[in-house]
Amino acid sequence: MSPTLTGRRAAVAVLSAALLVPVLAACGSDDKKTDAAASPSAAASASGEAKAANLTVLAASSLTDVFKTAGAAYEKAHPGTKVTFSFAGSQELAAQVKQGAPADALVTADTKTMDGLKAEVNDPTVIAKNRLVIATAKGNPFKVDELKDLADSKIKVVLAAPEVPVGRYSKQILDAQKVEVKPVSQEANVRAVLSKVELGEADAGLVYKTDSAKSGDKVVTVDIPDDQNAVASYPASTLKQSKNTEAAAAFVAWLSTPEAQKILADAGFQKA
C-alpha cells in the first residue's frame with residue numbers, strides 16, 4: 001500500500017473521531033437534562049434551591065419572636081417564598097396536625113410531642129435548646145431566690161398545664177427538688193404563664209429563659225442552677241400531608257444553617 005493512501009485513511013479516521021465527540025457530548029447533555037426533568041427535587045437539592053411556595057409552619061409559642069425574625073430572613077434569601085407561622089402550645093399544635101390542619105412543617109418545644117406524631121411527620125431534627133427560669137413580678141416583692149421559695153403559700157404561682165411541654169418540665173424540676181407548689185392557675189402555653197406574671201395576676205411562674213428575656217423590666221428573672229434545671233429540645237419536621245414538600249424540607253434544613261442558628265442564639269436559645 002502506498003504511503004499516500006495510508007496517510008489519507010489516517011486523516012479520515014481522525015476527522016471521523018473529531019465529528020463524533022460533539023455528538024456524544026450532546027447525548028450526555030440530553031441525558032442529564034432528562035434526569036433533571038425526571039427528578040426536579042434532586043436537581044433543586046443539587047443547586048441548593050427549592051421551588052418558591054407559600055409555607056405554613058406550626059411552631060411552639062416560645063418561638064414566637066425569634067421565628068418572626070427568622071421567617072423574614074428566610075423570605076429575603078428565598079424570593080417568592082412566603083412563610084406564615086401559627087403559634088400555640090405544642091400539645092395544641094399536635095392536635096391540629098392529627099386533625100389534618102393544612103400546614104407544611106412543625107416545630108415543637110419537646111421531643112415527646114413530636115415522637116407522638118410519627119405517623120404524621122417525617123424524620124425530625126433538633127434545631128435548638130432552652131432552659132427554664134423563675135419569672136417574678138416586677139421588683140420581686142417576695143424575694144424569690146430559688147425553687148423552694150415557690151412553696152410559700154403566700155406566693156401566687158402560675159404554671160403551665162402538665163400536658164404542655166413547659167408544664168411538664170416545670171413538674172419535673174419541682175418534683176426532683178421535692179418542692180410542692182399549688183398553682184393559682186395552669187395555662188395552655190408559656191406565653192400565658194408569662195403574661196400572668198407581667199400583669200401582676202401572679203407573683204411568680206416557671207417559663208423559658210428566652211421568654212423571660214423578652215419581657216425586659218416587666219419581670220425579674222431568677223436563674224435555676226443547671227443541676228436543678230431541665231433542658232428543652234426543639235425538634236423540627238416537615239409534615240407528610242404537606243403539598244409543598246420540597247419547599248418545606250428546604251425551610252426545615254435552613255433552620256440548622258449558621259444563619260438561622262445565629263438568629264436563635266441571639267434570642268437566647270442554646271445550640272442543639
Side-chain angles (χ1 to χ4, degrees), residues 30-130 165 189 232-264 267 269 271-272:
D30 288 343
D31 288 343
K32 290 179 181 178
K33 288 179 181 178
T34 301
D35 290 343
S39 181
S41 59
S45 176
S47 65
E49 298 178 357
K51 183 179 179 181
N54 291 326
L55 296 176
T56 297
V57 179
L58 307 178
S61 294
S62 51
L63 294 166
T64 300
D65 298 302
V66 69
F67 263 19
K68 287 178 181 178
T69 301
Y74 188 79
E75 289 177 355
K76 183 177 180 180
H78 299 78
T81 292
K82 173 68 177 176
V83 184
T84 300
F85 296 103
S86 178
F87 299 103
S90 296
Q91 80 290 347
E92 294 180 53
L93 300 177
Q96 292 176 31
V97 170
K98 289 184 176 181
Q99 291 167 8
D104 303 292
L106 170 69
V107 188
T108 61
D110 67 333
T111 55
K112 183 176 181 179
T113 299
M114 187 68 81
D115 288 345
L117 296 169
K118 289 183 178 179
E120 291 82 16
V121 304
N122 294 303
D123 292 339
T125 300
V126 174
I127 61 163
K129 293 185 177 181
N130 212 340
N189 59 67
S233 295
Y234 290 74
S237 176
T238 56
L239 299 181
K240 292 180 180 179
Q241 67 185 17
S242 171
K243 295 181 179 180
N244 301 296
T245 54
E246 185 182 311
F251 175 75
V252 170
W254 178 82
L255 291 173
S256 294
T257 65
E259 180 184 6
Q261 288 295 299
K262 184 178 185 307
I263 293 172
L264 288 161
F269 287 86
K271 188 175 181 180

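The first residue of the sequence shown is numbered 1, and numbering continues consecutively from there.
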Are [X] and [Y] packed together at the side-chain level, in the sense that at least one heavy-atom pair is separated by less than 4.5 angstrom?
{"X": "P102", "Y": "Q241", "result": "no"}
{"X": "V83", "Y": "V57", "result": "yes"}
{"X": "I127", "Y": "F269", "result": "no"}
{"X": "W254", "Y": "E259", "result": "yes"}

- Quick one: which residue pairs count as a side-chain hydrogen bond (donor to acceptor under 3.5 Å, both in side chains) with a foot in residues 95-104, not counting sequence neighbours? D104-S242, D104-N244
- Pairing residues for F87 by the ring pair (Phe, Tyr, Trp, His ring centres under 6.0 Å) criterion, not counting sequence neighbours: F85
Once you round to the nearest 0.5 Å, how far does [atom1] of [X] lie from [atom2] of [Y]?
{"X": "K82", "Y": "T56", "atom1": "NZ", "atom2": "OG1", "answer": "10.5 Å"}
{"X": "L255", "Y": "I263", "atom1": "CG", "atom2": "CD1", "answer": "9.5 Å"}
{"X": "L63", "Y": "T108", "atom1": "CG", "atom2": "OG1", "answer": "9.0 Å"}

Can you give me the closest heavy-atom contact between [X] and [Y], atom names plus distance?
{"X": "M114", "Y": "L106", "value": "CE-O, 3.6 Å"}
{"X": "A59", "Y": "F67", "value": "CB-CD2, 3.7 Å"}
{"X": "E92", "Y": "N189", "value": "OE2-ND2, 4.3 Å"}
{"X": "A272", "Y": "A128", "value": "CB-N, 3.7 Å"}
{"X": "P235", "Y": "T111", "value": "CG-CA, 4.0 Å"}
{"X": "Y74", "Y": "A247", "value": "OH-O, 4.2 Å"}

- Message: Test your reading of the model: is there a side-chain donor-acceptor pair from S233 to the backbone of D110, 3.5 Å cut-off?
- Response: no
- With distance as the sole test, does T238 use its side chain to make a donor-acceptor pair with the main-chain N or O of A249 at under 3.5 Å? no
- Stepwise, does the side chain to side chain contact (heavy atoms under 4.5 Å, CB included) test hold for Q261 with K271? CA-CA 7 Å; Q261 288 295 299; K271 188 175 181 180; 4.2 Å; yes
- Task: Decide yes or no on side chain to side chain contact (heavy atoms under 4.5 Å, CB included) for T81 and F251, but give the supporting numbers first.
- Result: CA-CA 10 Å; T81 292; F251 175 75; over 6 Å; no
- Query: Is the number of heavy atoms from other residues, nucleotides or ligands within 6.0 Å of NZ (K262) greater than 12?
  - Reply: no
- Item | For S237, the option from N122, L117, T125 that meets side-chain contact (heavy atoms from CB on, under 4.5 Å) | N122
- Message: Walk me through whether L239 and V97 qualify under side chain to side chain contact (heavy atoms under 4.5 Å, CB included).
- Response: CA-CA 8 Å; L239 299 181; V97 170; 4.2 Å; yes
- Task: Begin from the C-alpha positions of T84 and N54 and carry the test side chain to side chain contact (heavy atoms under 4.5 Å, CB included) through to its verdict.
- Result: CA-CA 8 Å; T84 300; N54 291 326; over 6 Å; no
